[in-house]
Engineer: 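Please find one structure pasted underneath; my questions will follow.
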Amino acid sequence: MPASSMNRRDFARLFAAGGSAALLGHPALEGLARRTPSGPLARGSGAGQVVDWDEVRARFLMPPELSVMNAANLCPSPASTLQAVYDYTERMDREPVPSFRGEMARVKEPTRDRLAEFLGVTPEEILITRNTSEANNWVSTGLQLGLGDEVVIMRDNHPSNNLAWKAKGQRFGYTVREIEPASPHPGADYYVRAFREAITPNTRVISFTHLTNTAGDLFPARELCTLAREHGVFSVVDGAQSFGLFDIDLSEVQPDFYTGSAHKWPCGPKETGVLYVNARVHDRFWPTMYSAYTGSRGLARTHEGLGQRDEPAIRAFGAQIEFLQEITMAEVEARSRELATALVEELSALDGVHMWTSQEPSRRAAVVTFRPGELSPGDVVGALENDGIVAASRGGSDRTGVRLSPHFYNSHTDVERAVSAVRGYLRTGL
């Protein structure tokens, strides 16, 4: 039975035949064992470090013939992270005893330490959420805003950012003003000037996406956060497309809030995420949820009451951060940018392709969006999947196209496969 074919009937038959022991023998789980570490991911250190990208790729379950370039939406996890989730979930269901539950309740704090180190901040400033959407909503709900206040946002923000601000603005009486994106990306100075001109004496918050999931535009986070501080305004950075991609140090960027998900670029377990809250704004940020099982340090003691959590996933989140740190984020970012640059250059050379993503490397990272001539983006994405290439489509009227977002587990062979496929579709149709 192929690993991908276990439907509900198969699942029931497995348990009828032999209970959990039968499930443990399923090829999908056996695949984890086949990807146990066989060698270091990197050798050397500092400028002399060399990453074995073939070994990195071998740690994932994806078959060699599948080119997954959809990191802006969902990343696969390496086998070690999947194994961590499975092992602790299985043990929790096998031994739901107070001692083990107590042990698992404490996994938050080591993961909080890993996240704080990863982002260059303190554990007391880290909240472990379920994803960026939840983190964004904690911010828009947790700030005291009302009649006469203003929030300035980018129209390119994710719906969990924009829709939340607008809906809560209607409820609580504050005004939301949008800055329109310019295409192609006009440069960092343009957006610093646009936000500066948009800020008024009534402005309380500016909120923007670090790297957009639309055209892959990179925003000047440090400069915009500096601008916000100069005007006594809260800064909210949606890091859904930068957390796990960039070698970022939030102590340098200095946002008031920064949000991220584990299931995208960090390649972590699903339904885990992070909210960074700068210590200087703790006294002005209200909790959104009140329940049991909070964290034990800093803001987590008052803001992290979500009741029962998926502790195995939280533990695996910390393990995945260690996986990235073994490679180093400088290498992860450089590899992803290198592959994206190859995509931009080669796709731009194809007749009929219009590139929405900036040609200027400093204005983009690893999200590449283009219009494939007169072909339907949705049909192109379907054809790519049939050819073993995972991409995403953008519908609607705003920069409609195909999006490819390569990551460190990809290779130049993946890039060539994608470019060759698009070239063929443009020549012969779909």
Engineer: State whether a side-chain donor-acceptor pair under 3.5 Å links Asn157 with Asn162.
Structural biologist: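 The answer is yes; a qualifying pair exists.
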Engineer: Is it true that a side-chain atom of Arg403 and a backbone atom of Val367 form a donor plus acceptor pair closer than 3.5 Å?
Structural biologist: no
Engineer: Quick check on the 6.0 Å ring-centre criterion: do His210 and Phe246 meet it?
Structural biologist: yes
Engineer: Which value, rounded to the nearest 0.5 Å, describes the distance between Gln241 atom CD and Asp217 atom CG?
Structural biologist: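 Going from CD on Gln241 over to CG on Asp217, the span is 12.0 Å.
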Engineer: Verify whether one side chain among Thr81 and Gln320 offers a donor that lies under 3.5 Å from an acceptor in the other.
Structural biologist: yes
Engineer: Using only atom types and a distance under 3.5 Å, with no angle test, would you say the side chain of Arg371 pairs donor to acceptor with the backbone of Met355?
Structural biologist: no
Engineer: So, Thr413 versus Glu416: side-chain donor-acceptor pair below 3.5 Å or not?
Structural biologist: no
Engineer: Can you confirm whether the side chains of Tyr258 and Ser235 place a donor and an acceptor under 3.5 Å from each other?
Structural biologist: no
Engineer: Would you tell me whether Thr203 and Glu150 have side-chain atoms, one donor and one acceptor, within less than 3.5 Å of each other?
Structural biologist: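 Short answer, yes.
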Engineer: Please round to the nearest 0.5 Å and tell me the distance separating atom CD of Glu385 and atom CD1 of Ile389.
Structural biologist: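 Those atoms lie 11.0 Å apart.
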Engineer: Indicate whether any N or O donor in one side chain lies under 3.5 Å from an N or O acceptor in the other, for Arg364 and Ser358.
Structural biologist: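 No, no side-chain donor-acceptor pair sits under 3.5 Å.
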Engineer: If we ignore hydrogens and angles and just use 3.5 Å, is the side chain of Thr209 paired with the main-chain N or O of Leu211 as donor and acceptor?
Structural biologist: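 No, Thr209 side chain to Leu211 backbone: no donor-acceptor pair under 3.5 Å.
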Engineer: If you round to the nearest 0.5 Å, how far is CD1 of Ile153 from CD1 of Ile179?
Structural biologist: 9.5 Å
Engineer: Less than 3.5 Å apart, any donor N or O on the side chain of Glu338 or His412 sitting next to an acceptor on the other?
Structural biologist: yes
Engineer: Measure centre to centre between the rings of Tyr191 and Phe219, then say whether the value is under 6.0 Å.
Structural biologist: yes
Engineer: Quick test of your reading of the model: are Lys108 and Glu304 salt-bridged, counting only N-O distances below 4.0 Å?
Structural biologist: yes
Engineer: Given salt bridge (charged side-chain N to carboxylate O under 4.0 Å, His left out), test Arg155 with Glu180 step by step and report yes or no.
Structural biologist: CA-CA 6 Å; Arg155 186 169 63 81; Glu180 293 290 321; 2.5 Å; yes
Engineer: With no hydrogens and no angle check, do the side chains of Tyr409 and Arg57 hold a donor and an acceptor under 3.5 Å apart?
Structural biologist: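 Arg57 and Tyr409 do not have a side-chain donor-acceptor pair below 3.5 Å.
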Engineer: Might you work through the salt bridge (charged side-chain N to carboxylate O under 4.0 Å, His left out) test for Asp387 and Arg417, ending with a clear yes or no?
Structural biologist: CA-CA 9 Å; Asp387 287 335; Arg417 289 186 67 203; over 6 Å; no
Engineer: Evaluate the ring planes of Phe323 and Phe408, with Trp represented by its six-membered ring, and classify them as parallel (under 30°), tilted (30 to 60°) or perpendicular (over 60°).
Structural biologist: tilted
Engineer: Is there a donor in the side chain of Asn131 and an acceptor in the side chain of Lys270, or the other way round, less than 3.5 Å apart?
Structural biologist: no
Engineer: Whether the Asp238 and Asn136 side chains hold a donor-acceptor pair (N or O, under 3.5 Å, no angle test) is what I'd like checked.
Structural biologist: yes
Engineer: Decide ring pair (Phe, Tyr, Trp, His ring centres under 6.0 Å) for His303 and Trp138; before the verdict, give the C-alpha distance in whole Å, the side-chain angles of both, and the deciding distance to 0.1 Å.
Structural biologist: CA-CA 9 Å; His303 287 62; Trp138 278 12; 7.5 Å; no
